[in-house]
Amino acid sequence: QNHSTESQTIAESLCAILFLEESTPRQVFTEFLVARKAAIQRLFHTSEQAASIKTQICSIASILISTVVQIDTVFNDPNQSDTKCLLVEVIARNSSEATAPPHFLPSWSASLSNNVLHSSCEEWMSTCLQDVTNGLQILLGYITSVKSLTSIRDAVYALLRSQSVFVSNRSDKLSDWQTACLAVVGRRISIWDEFVRPLVVKRIEKITSERFAVLTEEAKRSTKNALERVVESPIDRDVASFIWSEASDGEASLRCQARGCTPLIREICQDVDSHLDRIGADVGIFLDDPDSPESDGDSTRPAFREEDVPFDCLADGVHLRTLVHTQSCRFINTY
């Protein structure tokens, strides 16, 4: 279950199990996947929740990355006469040293074909995705700010960026990670986009919706209180007299006075504005530059190059800006 174990050590350990239990590479491969699945599930157990949610998510990403890379190294046979997978090499070396009876030495090509490798790994990925989705839905429910979710995204990005397997040094622009994914599951895999991003975006939507609901209730209470106080405020009752009275607070006050915005109305509007500013600022942390109109259409942003970075941190910018705009318009129309 220790995903940080070197591939050579894993191959030697599996070879020992294979010889001692007279099993096959396919059986030890299944045991390997079961152990890694258990390692992910253990992260969601109560005893493991002393760690921060960010740490838990990064640990999940680390397990997924190391598992795919180790499957490619330990189990994947590129079907070349001069190159074999690490497990086959270890089996051959131990067999030549007469450490295992020859009558049960397995045939690698017959016991673990590429089809079996792909289907087993795809099934493992699917079950892990379900486990991660169920677990993270609970964990992310404890997060109440977009700033904290941004911290999780940035931590995952930093983790993936620090992994040498994500660096492209090949002429075909494929990183070792992409090469391993194509080898073991037959497709590219994005840890962030498939396992974490949908849940984070969904939580941002939930947090934003809840904050606008709170804002609506507070605005209603403020309006009710203002209506009760207007009876005791002559300047708020007589708008005509207020408009024609002398402004004493400068140009801003004069503009509000010309529009008939009495002190109580200004107080309500300022309170609503402060709430909207806080919501926008929190969501804006997840974006590159929420105050820049050019960034809405992504026209000035450098093109995202998959071979350069693990994932596009700003992929949800337009969606989240639209979300805040829609919720703001709905609030104003309702209010």
Side-chain angles (χ1 to χ4, degrees), residues 40-41 43-46 48-61 64 126-160 190-222 271-292 295-296 298 310-335:
I40 292 177
Q41 291 174 332
L43 291 172
F44 298 111
H45 291 171
T46 305
E48 298 291 332
Q49 291 183 1
S52 69
I53 296 174
K54 179 167 60 178
T55 300
Q56 288 174 281
I57 293 176
C58 287
S59 296
I60 292 170
L64 293 170
S126 298
T127 57
C128 287
L129 176 59
Q130 189 60 52
D131 289 338
V132 171
T133 298
N134 294 337
L136 288 189
Q137 281 178 336
I138 297 174
L139 293 180
L140 295 181
Y142 295 108
I143 295 179
T144 58
S145 72
V146 180
K147 181 179 180 180
S148 297
L149 294 171
T150 304
S151 178
I152 290 175
R153 181 202 64 188
D154 293 346
V156 174
Y157 186 88
L159 170 68
L160 301 185
S190 171
I191 300 296
W192 170 256
D193 289 335
E194 295 186 34
F195 287 84
V196 187
R197 176 187 173 193
L199 301 174
V200 168
V201 173
K202 184 177 180 179
R203 184 57 188 159
I204 292 176
E205 294 170 348
K206 181 68 172 177
I207 290 173
T208 304
S209 178
E210 290 174 347
R211 288 193 168 184
F212 272 102
V214 170
L215 173 58
T216 300
E217 293 303 314
E218 291 187 358
K220 290 179 179 179
R221 284 196 296 270
S222 297
D271 185 56
V272 170
D273 284 345
S274 67
H275 277 81
L276 290 174
D277 286 342
R278 286 195 294 271
I279 294 173
D282 191 35
V283 176
I285 295 174
F286 202 81
L287 311 175
D288 54 340
D289 184 8
D291 295 325
S292 173
S295 64
D296 288 343
D298 295 338
F311 59 87
D312 186 0
C313 287
L314 311 177
D316 299 297
V318 174
H319 168 67
L320 294 180
R321 290 189 183 94
T322 302
L323 170 69
V324 174
H325 175 75
T326 302
Q327 294 274 14
S328 298
C329 292
R330 183 180 295 121
F331 162 74
I332 293 173
N333 291 333
T334 302
Y335 183 57

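The residues of the chain are indexed from 1 along the displayed sequence.
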Let me confirm one number: the OG1-NZ distance from T133 to K202, rounded to the nearest 0.5 Å.
9.5 Å
Side-chain heavy-atom pair V324, L320 within 4.5 angstrom cut-off
no
Could you check whether any side-chain N or O of N134 sits under 3.5 Å from a backbone N or O of Q130, counting only pairs where one atom can act as donor and the other as acceptor?
yes
Distance col, row C128:SG vs I60:CD1, nearest 0.5 angstrom, shows 9.5 Å
Crowded around H319 NE2? As in, over 12 foreign heavy atoms under 6.0 Å?
yes
Tell me, do R153 and V200 make a side-chain contact under 4.5 Å, heavy atoms counted?
no
Can you name the nearest heavy-atom pair linking V272 to A219, along with the distance?
CG2-CB, 4.3 Å
For Q56 and L43, work out which heavy atoms get closest and say how close.
NE2-O, 2.6 Å
Can you check side-chain contact (heavy atoms from CB on, under 4.5 Å) on V146 and I285, steps first, answer last?
CA-CA 7 Å; V146 180; I285 295 174; 5.5 Å; no
Could you tell me if the side chain of L160 sits less than 4.5 Å from the side chain of F311, heavy atoms only?
yes
Do Q327 and R211 have side chains that approach each other closer than 4.5 Å (heavy atoms only, starting at C-beta)?
no
What is the distance from atom CD of E218 to atom CG of D271, rounded to the nearest 0.5 Å?
7.0 Å
Roughly how far, to the nearest 0.5 Å, is CD1 of I53 from OH of Y142?
8.5 Å
Could you pull out the closest heavy-atom pair between P198 and D193, with the gap in Å?
CD-O, 3.2 Å
CG/D316 to OG1/T322 distance, rounded to the nearest 0.5 angstrom?
11.0 Å
Would you call E210 and T144 a side-chain contact if the rule is heavy atoms closer than 4.5 Å?
no
List the steps and the verdict of side-chain contact (heavy atoms from CB on, under 4.5 Å) for F212 and L276.
CA-CA 8 Å; F212 272 102; L276 290 174; 3.6 Å; yes
If we check side-chain contact (heavy atoms from CB on, under 4.5 Å) with F286, which of these qualifies: L314, T150, D154?
T150
Interatomic spacing from CD1 in I40 to CZ in F195 - rounded to 0.5 Å
7.0 Å
Kindly give the heavy-atom pair with the smallest separation between T334 and R330, and that separation in Å.
OG1-O, 2.7 Å
Please lay out, stage by stage, how W192 and L159 fare under the test side-chain contact (heavy atoms from CB on, under 4.5 Å).
CA-CA 11 Å; W192 170 256; L159 170 68; over 6 Å; no
Any sub-3.5 Å donor-acceptor pair from R203's side-chain atoms to L149's backbone N or O?
no
Beyond-backbone contact of I152 with L140, side-chain heavy atoms, under 4.5 angstrom:
yes
Report the C-alpha separation of F44 and I138 in whole Å, then their side-chain angles, then the decisive distance to 0.1 Å, and conclude whether the side-chain contact (heavy atoms from CB on, under 4.5 Å) test is met.
CA-CA 9 Å; F44 298 111; I138 297 174; over 6 Å; no
